[in-house]
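Quick caveat: nothing in here was measured; it's all calculated off a predicted structure.
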Amino acid sequence: MSGDHGHKDSQVDSGSRVNDSHKHKDKHKDKERKHKDHKKDKEREKSKCSNSEYKDFSEKKHKDKVKHKDGSLERHKEKDKHKDKEKRREEKSKSSSVDGKPKKEKENGFASPPRIKSEPDSDDFYHSPKHEKSLKRERDDDDYELKPKKIKTENEKKAKKRKQEEDEDEDIKPRKKTKDKKGGEGDAKKKAKKEPEEKWKWWEEERYTDGSKWKFLEHKGPVFAPPYEPLPSNIKFYYDGKPVKLSTPAEEVATFFAKMLDHEYTTKDIFRKNFFKDWKKEMTSEEKSKITDLNKCNFAEMSEYFQAQSEARKQMSKEEKQKIKEENERVLQEYGFCVMDNHKERIGNFRIEPPGLFRGRGDHPKMGMLKRRIRPEDIIINCSKDSKHPKPPPGTKWKEVRHDNKVTWLVSWTENIQGSIKYIMLNPSSRIKGEKDWQKYETARRLKKCVDRIRAQYRDDWKSKEMRIRQRAVALYFIDKLALRAGNEKEEGETADTVGCCSLRVEHIKLYPELDGQEFVVEFDFPGKDSIRYYNKIPVEKRVFKNLQLFLENKQPEDDLFDRLNTSILNKHLQELMDGLTAKVFRTYNASITLQQQLKELTSPEENIPAKILSYNRANRAVAILCNHQRAPPKTFEKSMQNLQTKIDAKKDQLSEARRELKSAKADAKVQKDEKTKKAVETKKKAVQRIEEQLMKLEVQATDREENKQIALGTSKLNYLDPRISVAWCKKWNVPIEKIYNKTQREKFAWAIDMADEDFEF
DNA sequence: GGTCGCACTTAGAAGTGATCCA
DNA sequence: TGGATCACTTCTAAGTGCGACC
């Protein structure tokens with residue numbers, strides 16, 4: 001079968017990974033040293049491959065890497081770069097307009113021009129007075145894969161829904177007496193009553209095919225961070241043992257540090273250095289001359305004050321808490337929704353990020369820098385011309401109001417740490433996100449149809465005369481087999497040193513002709529996204545192994561493993577193999593196909609619902625391991641395991657006691673032979689059975705928790721697993737969908753829940 | 001053809017609040 | 001009833017990949 005690519009052997013069972021925030025030597029890197037052997041290398045390759053295509057690429061790479069050599073220029077360059085970016089953005093905004101000719105957009109299978117249809121009014125809609133015309137769109141008939149299923153009649157649908165609810169009830173009834181956890185089915189039923197009956201089924205409608213994302217967009221703009229509230233006068237900051245009254249801007253930045261005092265960050269040298277540098281920029285000249293050493297600063301009183309405040313918040317009365325809740329709800333109702341093409345849609349993040357200290361992951365060179373406060377003057381608003389534009393706070397103005405319907409964001413601003421753009425976008429349950437998600441899984445399903453051909457091709461390419469093709473083929477093999485990320489090149493000194501497949505360096509792999517009884521083993525050990533360690537030992541095919549040996553020849557540890565390859569070359573090649581194919585599609589495909597296979601393998605028809613859910617979680621876990629989705633073990637992990645073990649021990653004692661009682665009851669019954677003692681035996685028997693079941697449950701829970709210690713299931717569930725596989729599985733085995741997806745997840749995957757039947761095949 | 005900016009997805013951590021249990 | 005625990009939500013960093021531009 002196309003989907004089977006040995007994942008189970010290579011990673012699913014790989015128990016050797018460790019979650020370890022990767023500590024990185026500051027090896028990275030003297031660029032000249034890094035490439036000092038390239039000339040030699042190139043000559044070697046020339047003689048081996050008699051290939052001319054490869055030769056310029058490494059030179060180019062070399063040139064690029066040298067260009068930021070002078071660290072002293074970085075800040076100026078950064079400033080200039082930001083200015084440059086801003087300028088370009090401004091120019092772009094001038095030229096970008098909904099009225100302009102739409103640029104060609106490649107949308108897999110989205111190909112026909114839109115046509116506005118009339119749509120009946122509904123409570124779900126939220127009309128703008130300026131926008132009365134309806135915006136239903138037309139679908140292309142050729143669009144087979146993404147074609148929504150035939151719309152059922154209302155009666156059919158209701159009957160089916162009722163039937164489903166009845167079926168679910170059957171499952172739910174016996175467990176109703178037991179715990180009714182949040183997100184559990186009982187709860188879900190209660191909540192379902194509150195949810196509006198009819199949700200907008202965007203997946204049954206036509207899609208835009210001209211590259212536009214919307215025709216009408218209206219929103220209230222962002223919610224800004226609350227202004228800084230100065231500390232009470234009795235809370236002091238001390239320098240060198242003496243109290244120092246700070247100016248308000250300096251005090252505000254000091255509080256950012258004080259709030260993080262308990263965090264490991266504040267012990268890190270880079271963090272402290274960056275913080276102090278940026279803090280000084282906020283100080284008055286007098287403060288600057290007085291406060292010269294961070295080690296002499298004492299933030300303890302501030303820190304205690306914030307801790308006390310946090311404690312006080314926890315201790316607030318019910319009424320006070322309720323008041324805050326209501327206020328939050330009011331803000332949500334006002335700012336948390338927008339109107340996009342006649343539908344009220346939830347916004348994902350409508351609050352502007354508050355100022356604070358930058359928390360980069362891993363050994364981030366910029367950690368501790370001051371994330372400045374974002375003001376209305378930094379904000380670009382995106383909405384439609386004919387909408388009611390959001391108003392800036394009194395006395396301020398927006399940087400710009402733009403009407404670009406080729407993008408999905410509502411608000412954007414440029415952050416000051418990396419100079420990148422931040423956005424306010426819609427919630428995952430929105431049409432715009434859902435369509436994209438659906439499309440992603442359809443692309444992955446198309447890969448399924450041609451993956452055998454692609455695999456045959458890259459295996460063939462392992463023998464190519466051209467080094468660049470061999471490298472491409474080996475890299476693709478890793479991306480496919482190990483679900484590695486593409487590995488874009490990164491600007492040095494700007495971010496933590498992390499890599500993906502194409503950016504692997506020699507130091508990240510070790511080759512073993514034989515290891516633990518296996519031939520041709522490759523050991524990977526590198527910091528991946530978010531500086532999460534990827535550690536894996538896998539046996540590979542001989543030809544891959546030989547190729548890797550060749551790639552490593554005459555290279556230094558800090559040299560690129562694939563020096564003839566980058567993500568752009570790889571993706572260009574993939575695009576030729578299949579329309580819309582990129583490196584990340586392999587991750588989606590392999591994750592989804594693994595889930596489907598594992599579910600088939602692990603689900604036993606005779607199992608009860610909890611056992612089936614355990615099987616589902618195990619299948620999900622197999623994918624999480626494949627994708628290396630790790631988490632730091634919860635701080636309370638050891639303790640909670642200990643508590644669970646105590647419970648298990650107590651339950652075991654209880655079981656022994658119950659068994660003893662049963663034995664003695666049996667003995668009594670033997671002697672007395674009356675109804676009363678017989679009944680007592682039955683009661684004791686039942687008690688033993690019940691305790692045995694409880695014990696088993698606790699033991700399963702312990703196993704599950706232990707297996708999940710360092711594995712995060714959520715990421716794969718939300719981003720890589722085609723939800724239709726899970727929905728079909730639930731329908732097939734009568735498992736309530738609420739057991740697999742919580743409310744938010746059900747909203748995100750509403751399209752899949754509605755359209756997938758039990759016989760859906762990825 | 002390469003570089004860079006932009007738009008968007010993917011990611012783990014932190015924060016919050018509901019539920020459990022002594 | 002209140003503290004502990006855990007599921008869920010929010011936050012925002014860190015990736016990918018496309019396309020404009022030089």
Side-chain angles (χ1 to χ4, degrees), chain A residues 19 21 56-57 60-61 63-64 67 81 84-86 88-89 91-92 95-96 103-106 179-184 187 213 263 310 313-315 321 325 328 348-351 353-354 356 358-362 364 366-367 371 404 406-409 412 414-415 417-423 425 427-428 432-433 436-437 440 485-491 494-496 498-500 502 528-532 566-572 574-575 580 582-585 587-588 627-632 634-637 639-640 643-644 647 705 712 714-716 718-720 742-745:
Chain A
N19 182 10
S21 234
D56 294 328
F57 185 62
K60 179 97 190 87
K61 257 189 165 177
K63 220 162 66 185
D64 294 343
K67 76 184 172 195
K81 206 168 73 187
D84 226 38
K85 275 187 188 177
E86 294 290 297
R88 252 173 250 174
R89 258 169 232 149
E91 275 161 14
K92 191 198 159 190
S95 61
S96 156
K103 52 190 174 193
K104 185 179 172 278
E105 173 153 320
K106 196 167 183 181
K179 297 169 197 172
D180 197 9
K181 279 193 179 181
K182 187 189 173 193
D187 188 45
K213 303 293 197 298
H263 206 288
S310 152
R313 266 196 302 277
K314 281 183 206 157
Q315 299 302 327
K321 282 184 182 169
K325 206 175 166 186
N328 285 340
N349 54 323
F350 55 89
R351 289 174 201 275
E353 293 172 20
F358 177 70
R359 301 176 177 214
R361 312 234 170 107
H364 201 295
K366 295 188 171 186
M367 64 167 74
K371 254 177 74 164
D404 182 0
K406 297 291 185 289
V407 296
T408 65
W409 55 266
S412 78
T414 302
E415 55 90 26
I417 305 288
Q418 331 253 21
S420 62
I421 308 170
K422 300 271 189 167
Y423 302 97
M425 290 184 188
N427 183 275
I432 220 159
K433 295 285 182 191
K436 207 72 191 297
D437 213 32
K440 173 181 76 184
R485 294 186 186 85
N488 279 323
E489 279 168 294
K490 298 165 75 186
E491 217 170 315
E494 292 290 301
T495 54
T498 63
V499 296
C502 294
K529 183 177 178 182
D530 293 323
S531 295
I532 297 286
N566 63 26
T567 53
S568 147
I569 294 171
L570 180 65
N571 281 337
K572 212 175 241 177
L574 293 176
Q575 198 60 239
T582 62
K584 91 184 183 95
V585 178
R587 236 166 118 78
T588 312
C627 295
N628 201 37
H629 290 146
Q630 299 188 20
R631 61 170 185 169
K635 278 172 198 152
T636 53
F637 183 81
K639 203 180 159 206
S640 89
N643 289 348
L644 196 54
K647 273 189 199 170
R705 196 178 293 177
T715 309
S716 49
L718 279 177
N719 300 300
Y720 288 104
N742 66 32
K743 185 169 169 271
T744 314
Q745 293 163 341

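- Contact annotation: Asn742(A) reaches the phosphate of dT9(C) (side-chain N/O to OP1 or OP2, under 4.0 Å).
- Along DNA chain C, the nucleotide nearest to Asn427(A) and the one nearest to Phe358(A) differ in position, and the one closer to the 5' end is contacted by Asn427(A).
- A donor-acceptor pair under 3.5 Å is absent between the side-chain atoms of Glu415(A) and the main chain of Lys371(A), judged by distance alone.
- For dC8(B), the OP1/OP2 oxygens have no side-chain nitrogen or oxygen of Lys436(A) closer than 4.0 Å.
- Set against dT9(B), dT12(C), dT9(C), the side chain of Glu353(A) has dT12(C) as its closest nucleotide.
- The residue Ser412(A) sits apart from the nucleic acid: no heavy atom pair falls under 4.0 Å.
- Residues satisfying the side chain to side chain donor-acceptor pair (under 3.5 Å) criterion with Asn427(A), sequence neighbours excluded, are Ser429(A).
- Applying the salt bridge (charged side-chain N to carboxylate O under 4.0 Å, His left out) criterion to Lys422(A), with sequence neighbours excluded, gives Glu353(A).
- Counting non-hydrogen atoms under 4.0 angstrom, Pro428(A) reaches nothing in the nucleic acid.
- Proximity of Arg587(A) to the phosphate of dG15(C): no side-chain N or O atom is located under 4.0 Å from OP1 or OP2.
- Not counting sequence neighbours, Asn328(A) has no partner by the side chain to side chain donor-acceptor pair (under 3.5 Å) test.
- For Ile532(A) and dA13(B), the CD1 to C1' distance is 10 Å, given to the nearest whole Å.
- The shortest distance between the side-chain N/O atoms of His629(A) and the OP1/OP2 oxygens of dG12(B) is not below 4.0 Å.
- Residues satisfying the side chain to side chain donor-acceptor pair (under 3.5 Å) test with Asp437(A), not counting sequence neighbours, are Lys440(A).
- Residue Lys213(A) has its side chain nearest to dC8(B) when only dC8(B), dT9(B), dC6(B) are considered.
- Not one side-chain nitrogen or oxygen of Asn349(A) sits closer than 4.0 Å to the OP1 or OP2 atom of dC11(C).
- In this model, the phosphate group of dC6(B) is not approached by any side-chain N or O of Tyr423(A) to a distance below 4.0 Å at OP1 or OP2.
- Between Ile417(A) and Lys366(A) the shortest heavy-atom distance is O-NZ, 3.0 Å.
- Evaluation of the ring pair (Phe, Tyr, Trp, His ring centres under 6.0 Å) rule for Tyr720(A) yields His629(A) as partners, not counting sequence neighbours.
- With DNA chain C read from its 5' end, the first of the two nearest nucleotides for Asn488(A) and Thr744(A) is the one closest to Thr744(A).
- In this structure, the nucleotide among dA7(B), dA11(B), dG17(C) sitting nearest to the side chain of Met425(A) is dA7(B).
- With sequence neighbours left out, the salt bridge (charged side-chain N to carboxylate O under 4.0 Å, His left out) criterion links Lys325(A) to no other residue.
- Taking 4.0 angstrom as the limit, Gln418(A) places a side-chain polar atom (N or O) nearer than this to OP1 or OP2 of dA14(C).
- The side chain of Asn719(A) contributes no N or O atom lying less than 4.0 Å from OP1 or OP2 of dT9(B).
- The side chain of Lys371(A) sits closest to dA13(C) out of dC8(B), dG12(B), dA13(C).
- Here Lys440(A) reaches the OP1 or OP2 of dT10(B): one of its side-chain N or O atoms lies under 4.0 Å away.
- The distance between atom CD1 of Ile417(A) and atom P of dA13(C), rounded to the nearest whole Å, is 8 Å.
- Tyr423(A) and Trp409(A) have tilted rings, their planes meeting at an angle from 30° to 60° on a 0 to 90° scale.
- If you check the side chains of Thr567(A) and Asn488(A), you find a donor sitting under 3.5 Å from an acceptor.
- Distances shown here put every side-chain N or O of Lys584(A) at or beyond 4.0 Å from the OP1 or OP2 atom of dT9(B).
- Rounded to whole Å, atom P of dA13(C) lies 9 Å from atom NE2 of His364(A).
- In this structure, Thr408(A) reaches the sugar-phosphate backbone alone: every heavy-atom distance under 4.0 Å involves primed, P, OP1 or OP2 atoms, never a base.
- Distances shorter than 4.0 Å separate none of the side-chain N or O atoms of Ser420(A) from OP1 or OP2 on dA13(C).
- The side chain of Arg351(A) lies closest to dC11(C) when the candidates are dG15(C), dC11(C), dA13(B).
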With the criterion being N/O to N/O and under 3.5 Å, what pairs connect the protein with nucleotides 2-5 of chain C, and how long is each?
from	atom 1	to	atom 2	distance (Å)
dT5(C)	OP1	Asn643(A)	ND2	2.5
dT5(C)	OP2	Lys639(A)	NZ	3.4

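- Considering only side-chain N and O atoms, Thr567(A) lies nowhere under 4.0 angstrom from the phosphate OP1 or OP2 of dT16(C).
- No engagement by Gly714(A) is indicated, since no non-hydrogen atom pair under 4.0 Å with the nucleic acid exists.
- When heavy atoms are screened at a 4.0 angstrom cut-off, Arg485(A) is found touching the sugar-phosphate backbone but no base atom.
- The side chain of Thr582(A) places an N or O atom within less than 4.0 Å of a non-bridging phosphate oxygen (OP1 or OP2) of dG17(C).
- Nucleic acid contact for Ala583(A): sugar-phosphate only, since backbone atoms but no base atoms lie under 4.0 Å from a heavy atom of the residue.
- Put simply, NZ on Lys321(A) and CD on Gln315(A) are 7.5 Å apart, with the number rounded to the nearest 0.5 Å.
- With sequence neighbours excluded, no residue satisfies side chain to side chain donor-acceptor pair (under 3.5 Å) with Lys529(A).
- Phosphate contact (OP1/OP2 of dT9(B), side-chain N/O of Lys529(A), threshold under 4.0 Å): absent.
- Residue Gly360(A) is classed as a sugar-phosphate contact, given heavy-atom separations below 4.0 Å to backbone atoms only.
- If you check every strand for non-hydrogen atoms under 4.0 Å, Gly348(A) touches nothing.
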Distances under 3.5 Å between nitrogen or oxygen atoms of protein and nucleotides 14-17 of chain B:
from	atom 1	to	atom 2	distance (Å)
dA14(B)	OP1	His263(A)	NE2	2.6

